[in-house]
Amino acid sequence: MSSRLQLDGADLVSLLPEPTAVLDHRGRVAITNPALGRLLGHDHLVGRPLAELTDDPESSVVEQVRRWASSDQLSVGFLTFETTDGPVVHRCSGAALGRGGNVVLRVERRVDDDLDEAAPSVLLAELETRRAAEVRLTRLAFQDPVTGLLNRTGFDDRLRSRLASAGPLSVIYVDLDRFKAINDVFGHEAGDEALREAGRRLVSAVRPDDLVARLGGDEFVAALPGVAGEPALTIGRRLAATLGEPFRLGDDHLELGGSLGVATRRRGEGVGDLLRRADAAMYRAKRHGGRRVELATHDDAAPRLPA
């Protein structure tokens with residue numbers, strides 16, 4: 001399992017000086033910063049639907065979040081927030097945050113309704129540039145720069161929200177079998193293209209609501225809500241088959257293949273333990289020659305020792 005140090009998304013958002021939140025795919029507050037809590041006069045925002053914080057019709061708030069989630073460019077909307085001083089209309093800027101429907105939301109303090117029209121165009125341009133830069137910084141906390149998939153931080157954040165709900169859940173840990181050979185023979189650019197191709201194939205082989213992430217190096221993971229046991233193993237075999245198909249790189253046809261480990265959540269199990277069991281099953285598949293799928297066993301609950 002990758003141990004690379006990555007920037008924590010919640011820490012990054014907390015450092016932003018302006019009221020900011022990250023909404024999950026359901027429109028609930030996943031991450032926020034103290035500035036937003038002070039502006040709205042609320043201490044506990046995480047986990048609450050955005051519509052619950054406003055005085056606007058729920059349908060209009062949901063539609064606004066949907067528009068933000070559909071574009072990676074900042075766009076403006078106006079929401080009426082419930083504050084300690086009563087309902088206050090604030091100018092909000094939102095944009096999609098990588099894949100999966102997450103949205104970064106910036107709420108501006110409204111001092112004068114006519115301020116936007118009166119502000120010089122140069123100042124507005126500078127503000128938009130700064131907002132766009134902050135959106136990119138926030139996206140980096142959750143997104144793998146090579147494949148565009150979730151990174152480890154983003155995956156852990158999304159998986160924790162899935163673990164909080166009832167119902168079966170399985171994860172599939174994937175380690176590419178021939179990635180090092182491609183990197184060594186064809187170079188790092190070819191290696192990056194192989195990673196992107198692997199990511200595309202994994203996404204195409206799962207359902208739209210499933211999570212796919214690159215954890216680092218040549219390791220990927222998929223989370224399958226509502227799937228457990230043998231059906232998860234069947235999906236793992238499908239992923240292994242699609243990874244094993246040759247892909248074209250320039251004039252060459254290359255093969256990747258993968259070793260996969262499948263683990264189904266146990267009662268009370270956290271992100272780390274669930275991934276550790278899937279990782280151990282993947283390692284067993286690799287020891288047995290690769291290009292195969294293994295289902296996690298009871299013994300896989302123990303930490304894996306270095307080979």
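Since this is a predicted model, take the numbers as computed values, not measurements.
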task = Show the numbers, then the answer: is there a salt bridge (Lys or Arg N to Asp or Glu O under 4.0 Å) between Glu219 and Arg152?
result = CA-CA 10 Å; Glu219 295 179 335; Arg152 176 59 185 266; over 6 Å; no
Arg284 side chain vs Leu295 backbone, donor-acceptor pair below 3.5 Å = yes
Pair Thr54, Thr80: side-chain N/O donor-acceptor within cut-off below 3.5 Å = no
request  = Could you pull out all residues at least two apart from Arg292 that satisfy salt bridge (charged side-chain N to carboxylate O under 4.0 Å, His left out)?
outcome  = Glu294
ask   = Is the backbone of Leu254 close enough, under 3.5 Å, to the side chain of Asp252 for a donor and an acceptor to pair up by distance?
value = no
ask   = Is a donor on one side and an acceptor on the other found under 3.5 Å between the side chain of Thr234 and the backbone of Glu230?
value = yes
Flag for Asp175-Ser259: side-chain donor and acceptor within less than 3.5 Å = no
ask   = Within the distance-only criterion (no hydrogens, no angle test), does the side chain of Asp177 pair as donor or acceptor with the backbone N or O of Arg291 below 3.5 angstrom?
value = yes
inquiry  = With a 3.5 Å distance limit and no angle check, can you tell me whether Glu269 reaches the backbone of Arg266 through a side-chain donor-acceptor pair?
reply    = yes
task = Please say whether more than 12 non-hydrogen atoms of neighbouring residues, nucleotides or ligands are located less than 6.0 Å from CD in Glu63.
result = yes
task = Look at the side chain of Trp68 and the backbone N and O of Ser75, then say whether any donor-acceptor pair between them is shorter than 3.5 Å.
result = yes
ask   = Would you say the side chain of Leu45 lies within less than 4.5 Å of the side chain of Leu53, judging by non-hydrogen atoms?
value = yes
ask   = Does a side-chain N-to-carboxylate-O contact under 4.0 Å join Arg277 and Asp273?
value = no
task = Quick one: list whatever passes salt bridge (charged side-chain N to carboxylate O under 4.0 Å, His left out) with Asp157, sequence neighbours left out.
result = none
message = Take a 6.0 Å sphere around CZ of Arg178 and say whether it holds more than 12 heavy atoms from other residues, nucleotides or ligands.
response = no
key: Contact check, side chains of Leu23 and Asn102, non-hydrogen atoms, under 4.5 Å   = no
ask   = Quick one: does Asn33's side chain have a donor or acceptor within less than 3.5 Å of a partner on Thr20's backbone?
value = yes
ask   = Could you state the interatomic distance from CD1 (Ile172) to CG (Leu260), rounded to the nearest 0.5 Å?
value = 6.5 Å
ask   = Do Leu39 and Thr83 have side-chain heavy atoms sitting under 4.5 Å apart?
value = no
ask   = According to a 4.5 Å side-chain heavy-atom criterion applied to Ile, Leu, Val, Met, Phe, Trp and Tyr, with indirect links allowed, do Val104 and Val62 form part of one hydrophobic cluster?
value = no
query = Does Gly217 offer a backbone N or O that forms a donor-acceptor pair with the side chain of Arg214 under 3.5 Å?
reply = yes
request  = Look up atom CD in Glu189 and atom CG in Leu249, then write down how far apart they are to the nearest 0.5 Å.
outcome  = 10.0 Å
message = Rounded at 0.5 Å granularity, tell me how far CG in Leu105 sits from NE2 in His90.
response = 11.0 Å
message = Tell me whether Asp279 is salt-bridged to Arg276, with the criterion being a basic N under 4.0 Å from an acidic carboxylate O.
response = no
task = Run the salt-bridge test on Glu52 and Arg48 with the 4.0 Å N-O cut-off and return the result as yes or no.
result = yes
query = Checking salt bridge (Lys or Arg N to Asp or Glu O under 4.0 Å) for the pair Asp209/Arg207: CA distance, chi angles, key distance, verdict?
reply = CA-CA 6 Å; Asp209 289 338; Arg207 302 166 301 178; over 6 Å; no
query = Between CZ of Arg106 and OG of Ser93, what distance do you get to the nearest 0.5 Å?
reply = 7.5 Å
query = Hey, is the main chain of Ala51 close enough, under 3.5 Å, to the side chain of Glu58 for a donor-acceptor pair?
reply = no
Side-chain heavy atoms of Arg196 within contact of Val146, under 4.5 Å = yes
ask   = Do the non-hydrogen side-chain atoms of Val227 and Leu169 ever get within less than 4.5 Å of each other?
value = no
ask   = Do Val262 and Val293 have side-chain heavy atoms sitting under 4.5 Å apart?
value = yes
ask   = Would a distance-only check, ignoring hydrogens and angles, find a side-chain to backbone donor-acceptor pair under 3.5 Å from Arg91 to Gly77?
value = no
